[in-house]
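Everything below concerns the one structure shown next.
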Protein chains: 2
Amino acid sequence: MPTPDRTSLDEIVAAARELLELGDLTMQAVAERVGVQAPSLYKRVRSRDELVRMVADATLAELGLIEGDIYAVASAFRAFAHQRPAAFRLVMGGGVTASPHAIVAASQPILRAAGALAGAQNELVAARTFTAWANGFIAMELNSGFNLAGPVDDAWQYGLDRLVAAISAS
Amino acid sequence: MPTPDRTSLDEIVAAARELLELGDLTMQAVAERVGVQAPSLYKRVRSRDELVRMVADATLAELGLIEGDIYAVASAFRAFAHQRPAAFRLVMGGGVTASPHAIVAASQPILRAAGALAGAQNELVAARTFTAWANGFIAMELNSGFNLAGPVDDAWQYGLDRLVAAISAS
DNA sequence: ACCTGAACACCGTTCAAGT
DNA sequence: ACCTGAACACCGTTCAAGT
């Protein structure tokens, strides 16, 4: 005699994403949010690690929706990181290997914007350089790490302008 | 009647640094390495979090010893990250706030190298741009994240050359 | 003063038993 | 087929009792 479903994978991942930002991504907390006991989660998720990977994939999918030129992409990227710092850290530095598909999807906006600047043959390498700088800058900023004094927004603008100049096709 | 010391803070931090790279930085594992029971660690360390912060500080102190021009600093930095990926992630993305003193010490090599390129008045902002790019590049590399196909070393060299050109005083 | 064993709260996970 | 309570191993931390 089947019992009716009391939750779903989507609901579980959504709860996990919220709890990640609250610094409390435990199976117990997820279970409580979706109205179920912790062991029941294992009907839909193989392990906590798999759930974390799903959160990373969902985050990357969202980043893949960004549109615009390199300035638009850069500021949307940074805004996202400020709104969801834990998710940003997860996909960025967090030692979590997201699915290849999610990684490719997330790369599209930057590839397009970088290709427009650097030309098709330098698209990939330009996108990498830009992504590395943006990710690194934001990571430092979120960490308040390498906390050299001075206005952060100016440093962002300086770096962005220099990067654009350096990457643009002669 | 005092018992003789069976370990020391230095030994504990050293053990923690090794275990961090092994992905097993638990109080139990540290205690076992230094030949003591886990509760005894709390005589020298307030909490596991404090121990992790000490590991971060020790890592930053080591990075502060790097010398040379921007190419030397960049490759020493990258080599360190490859040898001690977990420590790099910790100081880079890991949501751990290292002590201000350790952060300043770690920044010196890059400030010097960037200042030589960009001139004194742009030293700070140039160092930030360079550090952001290098940190971001290495983080992506360690993650095998943003895993766009192509030779990684070429992308590193391309980015480094472009960065140097972009930062150099006209 | 440092060390230990016992204990506590918490966490991820398994599993038999319910419906 | 999904859900639950009970249980297990593990982890960080506290504390009274030993020397």
Side-chain angles (χ1 to χ4, degrees), chain A residues 1-59 86-87 89-91 94-99, chain B residues 1-59 86-87 89-91 94-99:
Chain A
M1 283 306 152
T3 6
D5 288 22
R6 227 164 282 183
T7 184
S8 68
L9 183 56
D10 281 359
E11 204 188 3
I12 288 169
V13 173
R17 294 183 76 181
E18 292 172 25
L19 287 164
L20 174 68
E21 296 303 332
L22 300 178
D24 186 34
L25 180 35
T26 68
M27 297 303 270
Q28 322 255 3
V30 171
E32 194 176 344
R33 282 228 169 190
V34 303
V36 108
Q37 297 296 324
S40 299
L41 298 175
Y42 292 85
K43 286 288 152 180
R44 334 225 178 231
V45 152
R46 200 174 298 277
S47 67
R48 183 182 180 278
D49 278 2
E50 196 196 54
L51 179 54
V52 169
R53 199 160 34 75
M54 286 170 176
V55 169
D57 284 358
T59 302
R89 270 195 263 256
L90 179 68
V91 299
V96 179
T97 326
S99 80
Chain B
M1 284 304 155
T3 6
D5 288 22
R6 227 163 280 184
T7 184
S8 68
L9 183 56
D10 280 359
E11 204 188 2
I12 289 170
V13 174
R17 294 183 75 180
E18 292 171 25
L19 287 164
L20 174 69
E21 296 303 332
L22 301 177
D24 186 34
L25 179 36
T26 67
M27 297 303 270
Q28 324 255 2
V30 171
E32 195 176 345
R33 284 229 167 188
V34 304
V36 107
Q37 298 296 325
S40 300
L41 298 175
Y42 293 85
K43 286 288 154 181
R44 331 220 181 236
V45 153
R46 200 174 299 277
S47 67
R48 183 182 180 277
D49 278 2
E50 195 196 53
L51 179 56
V52 170
R53 198 159 35 77
M54 286 171 176
V55 169
D57 283 359
T59 303
R89 268 195 264 256
L90 178 68
V91 299
V96 179
T97 327
S99 79

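All values reported here derive from a predicted model rather than from experimental measurement. Residue numbering restarts at 1 for every chain, and letters A, B, ... go by the order of the sequence lines.
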Which residues pass the side-chain hydrogen bond (donor to acceptor under 3.5 Å, both in side chains) test with B:Ser99, sequence neighbours left out?
B:Asp57
For B:Thr7, give me all partners under side-chain hydrogen bond (donor to acceptor under 3.5 Å, both in side chains), at least two apart in sequence or on another chain.
B:Glu11
DNA chain C-proximal residues of residues 10-24 of chain B, any heavy atom under 4.0 Å:
none
What is the distance, rounded to the nearest whole Å, between atom CG of B:Asp5 and atom P of C:dC2?
5 Å
For atom CD of B:Gln37 and atom C1' of C:dT4, their distance in whole Å
7 Å
Below 3.5 Å between N/O atoms, which protein atoms pair up with nucleotides 13-15 of chain D? Just atom names and distances, please.
from: D:dT13; atom 1: OP2; to: B:Tyr42; atom 2: OH; distance (Å): 2.8
from: D:dT13; atom 1: OP2; to: B:Arg48; atom 2: N; distance (Å): 2.8
from: D:dT13; atom 1: O5'; to: B:Tyr42; atom 2: OH; distance (Å): 3.3

To the nearest Å, how far apart are B:Leu41 CG and C:dC3 C1'?
11 Å
Interatomic distance, B:Lys43 atom NZ to B:Leu9 atom CG [nearest 0.5 angstrom]
14.5 Å
Under the rule for salt bridge (Lys or Arg N to Asp or Glu O under 4.0 Å), what residues qualify as partners of B:Arg44, not counting sequence neighbours?
B:Asp5
Residue set satisfying side-chain hydrogen bond (donor to acceptor under 3.5 Å, both in side chains) with A:Arg89, at least two apart, ordered chain then number -> A:Asn143
A:Ala86 meets the side chain to side chain contact (heavy atoms under 4.5 Å, CB included) criterion, sequence neighbours left out, with A:Leu20, A:Glu21
Let's test your reading of the model: under 3.5 Å, does the base of C:dC3 pair with the side chain of B:Thr3 as donor and acceptor?
no
What residues form a salt bridge (Lys or Arg N to Asp or Glu O under 4.0 Å) with B:Arg48, not counting sequence neighbours?
none
May I ask you to say what A:Ser40 touches in the nucleic acid, namely base, sugar-phosphate or nothing, with a heavy-atom cut-off under 4.0 Å?
base
Of all residues at least two apart in sequence or in a different chain, which pass the salt bridge (Lys or Arg N to Asp or Glu O under 4.0 Å) check with A:Arg17?
A:Glu62
Non-hydrogen atoms of B:Leu51 and B:Ile12 that approach each other most closely:
CD1-CG2, 3.8 Å
Side-chain atoms of residues 23-41 of chain B: list all donor-acceptor pairs with protein atoms under 3.5 Å, sequence neighbours left out, distances to 0.1 Å.
from: B:Thr26; atom 1: OG1; to: B:Ala29; atom 2: N; distance (Å): 3.0
from: B:Arg33; atom 1: NH1; to: B:Glu18; atom 2: OE1; distance (Å): 2.3

Rounding to an integer number of Å, can you tell me how far B:Lys43 NZ sits from C:dC3 C1'?
8 Å
B:Thr97: what forms a side chain to side chain contact (heavy atoms under 4.5 Å, CB included) with it, not counting sequence neighbours?
none
DNA chain D stem ranges, 3 or more consecutive Watson-Crick or G-U pairs under 3.5 angstrom
C:4-8 with D:12-16, C:12-16 with D:4-8
